[in-house]
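The next block holds one structure in the form of structure tokens; read it before the comments.
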Protein chains: 2
Amino acid sequence: MARTTGSIGVETAERIRAAAEQLFAARGFAAVSMREIAGAVGVQAAALYNHFSNKQALLEDLLVTHMDSLIAAWKSEAAADETAGKTLERFARFHIRYHVERSDAVFISYMELRNLEPENFRRVESLRKTYEGFVVDILEAGRASGEFELTDTRITAMAIIAMLTGVNTWYRSRGRLSLSEIEDIYTTMVLRSAGAQQKEASCLAAE
Amino acid sequence: MARTTGSIGVETAERIRAAAEQLFAARGFAAVSMREIAGAVGVQAAALYNHFSNKQALLEDLLVTHMDSLIAAWKSEAAADETAGKTLERFARFHIRYHVERSDAVFISYMELRNLEPENFRRVESLRKTYEGFVVDILEAGRASGEFELTDTRITAMAIIAMLTGVNTWYRSRGRLSLSEIEDIYTTMVLRSAGAQQKEASCLAAE
DNA sequence: GTCTATACTCGGATAGAC
DNA sequence: GTCTATCCGAGTATAGAC
């Protein structure tokens, strides 16, 4: 989207989005006022209505944009020809990194769904299903090829996504482990959850 | 807690707790007014202040009570002498069932932490750490005994808890699978995540 | 312990000048 | 596109009667 004025750096709409995202994540949609958002941007509250028709539209914009970007990012990351195990590993690393780097947007996307009006809710839910479907597809492929051994692809997909997204609740960039180390650990757990054959030693003695 | 009046069924404080829990879960702490809670109970808003000093105290009561009960429930469920694998399975089933049956309290406990004032927040966080510690302990024991094979007990504990709690986001009591079936599937995934030796076939060929 | 009434503050949103 | 000014409804919480 191009600038409409040449004046100050980022256009106002984008600064409103950024301010709202940060405030909604920190304190919740209902607890944040339009005046606060305006204050963070450096304009009066009335000016926000030149860019978003109301508070609801602002929330809906943030959630839809986030889900659209997430889906597009995975589509461009997913490689066509590789084993299901390799794809699942790629997904695990992608999901962790993408979510950790956008913790505000992720937080809002999970917490503020209930504040969406029905039509907007359905739209965002549908995007979420699309994303979950990516994991189901990987698991189906791995089961079909014999790489994975699992009972229920849908449940396993939900479990894997929940596990990976959970990193956001405790991750701190200056923490004990680097993001790469965290990715390694989770990759192992995700593959094990799917019943992937492990190259390493976990098969010492069955029984 | 005993009744203070013999008049109408449950005492008012308990009915306030129940109404607040349901409303906070459905629409969020900030979005729910004291008038609404009072309306659900069948009293005037001013009457709530006879039982809770303010809205914050009501939220704090709900979160602390929930965490206390959760911790007590696991303590009474945990058996002393059994293998780590068996204990982890018991924990997985316990966690799923307990959380699914109290979805409102669970939801609030995760979502409304940020609305707690600092002192109350620290108190609830400390209880949460206690609960997470139970899982860390099980994993440590299993690693020490050679039952589990994992890189990092703390990370694995967080991943397991996130995976199990995730059931709440999609579980419906009249859904495709029974709670027992769900528990079975998750138990397998949790044990695999911890690198537990499986009796079943997942060890066909290493490499 | 609950009521009615109310103080006081703040919310979203709009009108109209510039 | 942003401002100032404003409408009006709703929020938490308290005072005082019963």
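In what follows, chains carry the letters A, B, and so on, assigned in the order in which the sequence lines appear, proteins first and then strands, with residues in each chain numbered from 1.
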Legend entry - Distance in Å, B:R192 CZ paired with A:L191 CG, rounded so as to fall on 0.5 Å steps: 11.5 Å
Inset, instruction - Taking salt bridge (Lys or Arg N to Asp or Glu O under 4.0 Å) as the test, write out the residues that go with B:E147, two or more places apart. - result: none
Legend entry - Partners meeting side-chain hydrogen bond (donor to acceptor under 3.5 Å, both in side chains) with B:D68 (sequence neighbours left out): none
Legend entry - Length of the line joining A:Q44:CD and C:dT14:C1', which is rounded to integer Å: 15 Å
Inset, instruction - Specify the separation, in whole Å, of atom CD of B:E36 and atom P of D:dA10. - result: 11 Å
Inset, instruction - Looking only at non-hydrogen atoms, find the nearest pair between A:V124 and A:M67 and report the distance. - result: CG1-CG, 4.2 Å
Inset, instruction - Scan residues 39-58 of chain A for pairs that pass side chain to side chain donor-acceptor pair (under 3.5 Å), counting only residues two or more places apart or in two chains. - result: A:Q56-A:N120
Legend entry - Atom pair distance, as rounded to whole Å: CG in B:L48 and C1' in C:dC3: 13 Å
Legend entry - No-hydrogen, no-angle side-chain donor-acceptor test under 3.5 Å, A:E89 and A:T187: no
Legend entry - Atom pair OH (B:Y171) and CG (B:L179), whose distance is rounded to the nearest 0.5 Å: 4.5 Å
Legend entry - Spacing of A:F52 atom CZ relative to D:dT2 atom P, expressed in whole Å: 12 Å
Legend entry - Separation of C:dC3 C1' from B:N50 CG (nearest whole Å): 10 Å
Inset, instruction - Estimate the overall bend of the helix from C:dG1-D:dC18 to C:dC18-D:dG1 from the end axes over five pairs each, rounded to 10 degrees. - result: 0°
Inset, instruction - Could you check how far CD1 of B:I37 sits from P of D:dA10, rounded to whole Å? - result: 17 Å
Legend entry - Partners passing side-chain hydrogen bond (donor to acceptor under 3.5 Å, both in side chains) against B:R172 (at least two apart in sequence or in another chain): none
Inset, instruction - Establish, with yes or no, whether the OP1 or OP2 oxygen of D:dG1 is under 4.0 angstrom from a side-chain nitrogen or oxygen of A:T12. - result: no
Inset, instruction - To the nearest 0.5 angstrom, please state how far the NE2 atom of B:H95 sits from the CG atom of B:L70. - result: 7.5 Å
Below 3.5 Å between N/O atoms, which protein atoms pair up with nucleotides 12-14 of chain D? Just atom names and distances, please.
from: D:dT12; atom 1: OP1; to: B:M34; atom 2: N; distance (Å): 3.2
from: D:dT12; atom 1: OP1; to: B:K55; atom 2: NZ; distance (Å): 3.3
from: D:dT12; atom 1: OP2; to: B:M34; atom 2: N; distance (Å): 2.8
from: D:dT12; atom 1: O4; to: B:R35; atom 2: NH2; distance (Å): 3.4
from: D:dA13; atom 1: OP2; to: B:Y49; atom 2: OH; distance (Å): 2.9
from: D:dA13; atom 1: OP2; to: B:K55; atom 2: N; distance (Å): 3.2

Legend entry - Value in whole Å for how far the P atom of C:dG1 lies from CD of B:E11: 9 Å
